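Here's the structure we're looking at; comments come further down.
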Amino acid sequence: MELNPAPVEIFFFPFVGGGHQIPMIDMARTFASHGVKATIIATPNHALSFESSIRRDQNSGCPISIHTLQLPGDLDISDVDMSASPQTDTSMLQEPLTNLLRQTRPDCIVHDMFHRWAPEAIDDLGIPRIVFNGSSCFARCVIESLSKYKPQEEVGSDFKPFVVPGLPDPIVLTRSQLPVFRKKPGGQIGKPEEKSFGVLVNSFHELELEYADHLKRETNKKTWLVGPVSVNNRTVADKTERGKKTSTDEQTILSWLDGKSLNSVLYISFGSLARLALDQLTELAHGLEASDHPFIWVVGKIFKSAGKENNDEENFFPAGFEEKMKESNKGLIIRGWAPQLLILEHESVGGFMTHCGWNSTLEGVCAGVPMITWPITAEQFMNEKLITDVLRTGVKVGNLEWLSWDTEPRTVVGREKVKAAVERLMDGGEKAVGMRTRAGELAEKAKRAVEEGGSSWNDAVNLIGELESCRKSAN
Ligand code: UDP
């Protein structure tokens with residue numbers, strides 16, 4: 001018998017782009033904190049965006065490292081920016097990855113679902129393969145139900161509501177809120193989970209217990225909930241450099257927030273990928289001004305409409321808006337990338353207007369802030385339902401139409417809707433207090449889930465145990 005067996009070794013193979021890369025890196029750090037030898041697989045270019053946080057972990061003794069795959073000549077993934085498209089082709093990594101796996105034979109590899117070629121390439125090697133798909137159990141349950149029962153095909157119009165069958169709660173959607181491929185009869189995507197060892201989820205049982213159980217029953221797959229993984233960012237450096245370096249320095253942001261009262265500020269962000277059109281930015285600006293609540297607004301990429309005149313990246317706000325916000329100290333505008341965790345955790349922040357990306361949703365939950373939901377694409381309309389109808393910690397702004405990230409928006413959410421949603425969330429009325437209280441309770445549960453003995457802690461320990469058993473039975 002081996003007295004000191006080598007620690008379990010897990011490879012983490014993240015995709016490029018914010019919403020998928022960021023949580024996978026944090027997940028690798030979660031397992032390293034449990035003593036697993038965690039190796040992140042990337043290309044040299046890709047590794048640039050997370051190597052300093054990994055170096056900090058290494059300096060504090062964490063068994064984590066980056067392995068960069070060498071590619072011939074100038075070959076690399078075409079886009080490793082935080083806003084890389086989910087369609088980005090990574091297939092040039094197949095050969096170096098499989099060579100590495102043959103040589104090193106880790107106990108397991110966790111790969112992002114967007115490496116579409118990975119299941120076929122890895123499954124022949126006899127190394128347990130775990131899928132990370134970046135979404136909640138709730139959204140996965142909705143997607144499973146839509147594929148199985150196809151209620152979206154029974155309704156006569158895109159805006160006619162239908163109930164998603166077989167779920168623990170009566171979830172109502174419209175076809176207009178679904179991704180294009182799910183609107184069309186027969187629309188399907190591949191199932192990387194099918195032959196996998198299991199699925200890792202960035203979530204925690206107390207947030208969506210019934211949906212986690214439902215998902216396990218429906219898919220018959222081992223599923224471990226090990227989140228929220230963002231809690232691994234404990235230092236200011238980790239929080240300010242997560243994904244990208246912040247565009248406005250953190251001291252400016254923190255002192256601006258220090259000058260505001262408890263729970264008074266609304267934080268607005270649409271994540272790493274969504275692009276708002278100019279008309280939409282204008283309406284949002286008017287709505288915020290009319291609601292008269294302090295805000296931090298992260299203005300990321302902008303959708304440039306073909307054939308429209310005012311496509312000027314610098315000048316898209318209504319005349320005088322930025323100056324007025326500056327003078328009155330009402331609004332802080334960040335152009336580019338914001339230190340989201342640092343902002344959300346500040347006690348002055350009392351609301352989050354979010355596009356309902358799953359990471360942002362969870363980060364809002366961890367910070368205990370109620371949300372204004374403004375879903376745009378991917379599974380964000382499903383996350384909206386979780387926030388507003390199941391957890392009851394947010395209000396909808398009223399966006400009704402799903403949009404592909406690269407498609408010209410057809411509709412805008414008007415300024416009246418923006419103003420109304422901000423007032424409902426931030427006005428301190430009875431309903432707002434209820435949402436805030438529930439949000440605070442969930443934040444406490446999130447904290448407990450990742451502590452020793454908590455549900456996410458236990459799921460991570462259980463997975464490590466299973467991998468140890470696999471190793472023993474193979475010997
Ligand atoms: N993010 C950030 N600063 C920004 C924009 C995004 O730190 O200015 C982070 C955010 O905290 C989250 C991730 O990027 O962890 C975005 O993931 P999410 O699932 O919310 O949305 P996506 O970008 O995939 O649409």
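For ligands, and for the atoms within them, numbers begin at 1 and follow the listed sequence. Residues: numbered from 1 along the sequence shown. The shown structure was predicted, so the numbers you read here are calculated from the model rather than taken from an experiment.
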Consider every N or O of [X] and every N or O of ligand 1, then say whether any pair is closer than 3.5 Å.
X: S360; result: yes
X: I22; result: no
X: Q340; result: yes

My understanding is that we take every heavy atom of each candidate and find the minimum distance to [atom]. Doing that for [options], which one comes out nearest?
atom: atom 7 (O) of ligand 1; options: S247, A338, G357; answer: A338
atom: atom 15 (O) of ligand 1; options: E363, R335, K239; answer: E363
atom: atom 23 (O) of ligand 1; options: S272, G300, G243; answer: S272

Query raised in the report: Quick one: is the NZ or CZ of K260 closer than 6.0 Å to the six-membered ring centre of W256, and within 45° of its axis?
Result: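 Cation-pi check for K260 and W256: passes.
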
Any carboxylate oxygen within less than 4.0 angstrom of a Lys/Arg side-chain nitrogen, looking at [X] and [Y]?
X: R140; Y: E208; answer: no
X: E379; Y: K385; answer: no
X: E323; Y: K326; answer: no

Report task. Examine ligand 1 and decide if any of its atoms is less than 4.0 Å from a heavy atom belonging to H355. Result ->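 Yes; H355 lies near enough to ligand 1 that a heavy-atom distance drops under 4.0 Å.
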
Query - Proximal ligand 1 atoms for W358, defined as those under 4.0 Å from one of its heavy atoms - result: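 Taking each heavy atom of W358 in turn, ligand 1 has 19 (O) under 4.0 Å.
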
Query raised in the report: How does V298 reach ligand 1, by side chain, by backbone, by both or by neither, if only non-hydrogen atoms under 4.0 Å count?
Result: side chain

